[in-house]
Undergrad: 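Dropping a structure here in structure tokens format, bear with me for questions.
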Amino acid sequence: MENSLRSCFTVAFMVLLLSAGQLQQTEAQSRCDSVQLSWCLQSIVSNIPPSQDCCRRLRGQQACLCRETRDPTFGGYLRHPGARRVATACGVTFPRCD
């Protein structure tokens, strides 16, 4: 009986952990907002250092960068060589998007 109760508790705990991980992923995806990247456009297309606002917003969108690369409005800017320069200046690791 005690073994069965322990097994049920373990399974319930694992389900809780898995669902919490899925919730975090869903929340991160719902926060993706390509407009936030507009704060960095001037720095991406010119040689101007990124502003603190740009860096803050870029860090907030870091989990979304691969998705945003495919965005018809901002994707071209994120594929521009200046985007990696701005990301590096902001301390953001630009992901490899497949």
Side-chain angles (χ1 to χ4, degrees):
M1 178 73 170
E2 186 177 319
N3 244 357
S4 177
L5 185 60
R6 185 175 294 159
S7 295
C8 285
F9 178 75
T10 302
V11 169
F13 185 70
M14 290 175 70
V15 168
L16 180 67
L17 286 177
L18 290 172
S19 63
Q22 182 63 34
L23 178 62
Q24 287 176 347
Q25 183 179 13
T26 303
E27 286 176 3
Q29 289 171 346
S30 69
R31 288 187 302 233
C32 293
D33 180 10
S34 57
V35 174
Q36 295 297 313
L37 300 174
S38 65
W39 288 82
C40 299
L41 293 182
Q42 186 177 9
S43 295
I44 289 172
V45 298
S46 66
N47 207 18
I48 298 172
S51 67
Q52 289 180 350
D53 279 333
C54 163
C55 290
R56 182 176 50 81
R57 292 168 191 262
L58 186 60
R59 280 190 292 276
Q61 295 296 304
Q62 185 172 3
C64 307
L65 290 178
C66 284
R67 178 181 138 188
E68 301 303 338
T69 316
R70 295 183 291 274
D71 181 86
T73 305
F74 293 103
Y77 294 105
L78 290 176
R79 291 186 297 273
H80 189 277
R84 292 192 185 275
R85 178 184 48 77
V86 168
T88 300
C90 291
V92 172
T93 301
F94 206 92
R96 258 185 85 85
C97 307
D98 296 323

Undergrad: Rounded to the nearest 0.5 Å, what's the gap from CZ on F74 to CG on L41? Could you check?
TA: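 Result: 5.5 Å between the selected atoms.
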Undergrad: Has R59 got a side-chain atom pairing as donor or acceptor with V92's backbone, closer than 3.5 angstrom?
TA: no
Undergrad: With no hydrogens and no angle check, is any side-chain donor or acceptor of Q61 less than 3.5 Å from a backbone partner on R31?
TA: yes
Undergrad: Are I48 and V45 grouped together when hydrophobic residues (ILVMFWY) are joined by side-chain heavy atoms under 4.5 angstrom apart?
TA: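 Not linked; separate clusters.
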Undergrad: Looking only at heavy atoms, what is the nearest atom pair of C66 and P95, with distance?
TA: SG-CG, 3.7 Å
Undergrad: So, applying side-chain contact (heavy atoms from CB on, under 4.5 Å) with L37, which one of I44, D71, V86, L58 is it?
TA: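 Filter result, single survivor: L58.
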Undergrad: Nearest 0.5 angstrom please: R70 CZ to C97 SG, how far?
TA: 6.5 Å
Undergrad: Is it true that a side-chain atom of R67 and a backbone atom of S34 form a donor plus acceptor pair closer than 3.5 Å?
TA: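 Not confirmed, R67 side chain does not pair with S34 backbone.
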Undergrad: Can R85 and N47 be said to form a side-chain contact (heavy atoms from CB on, under 4.5 Å), step by step?
TA: CA-CA 9 Å; R85 178 184 48 77; N47 207 18; 3.9 Å; yes
Undergrad: Evaluate whether the separation between SG of C90 and SG of C54 stays below 2.5 angstrom.
TA: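 No, C90 does not link to C54 through a disulfide.
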Undergrad: Testing the basics here: between D33 and E68, what is the closest heavy-atom pair and its distance to 0.1 Å?
TA: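 For D33 versus E68, the nearest heavy atoms are N-OE2, 4.0 Å.
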Undergrad: Using a 6.0 Å cut-off, check whether atom CD of Q62 has over 12 heavy atoms from anything other than its own residue.
TA: yes
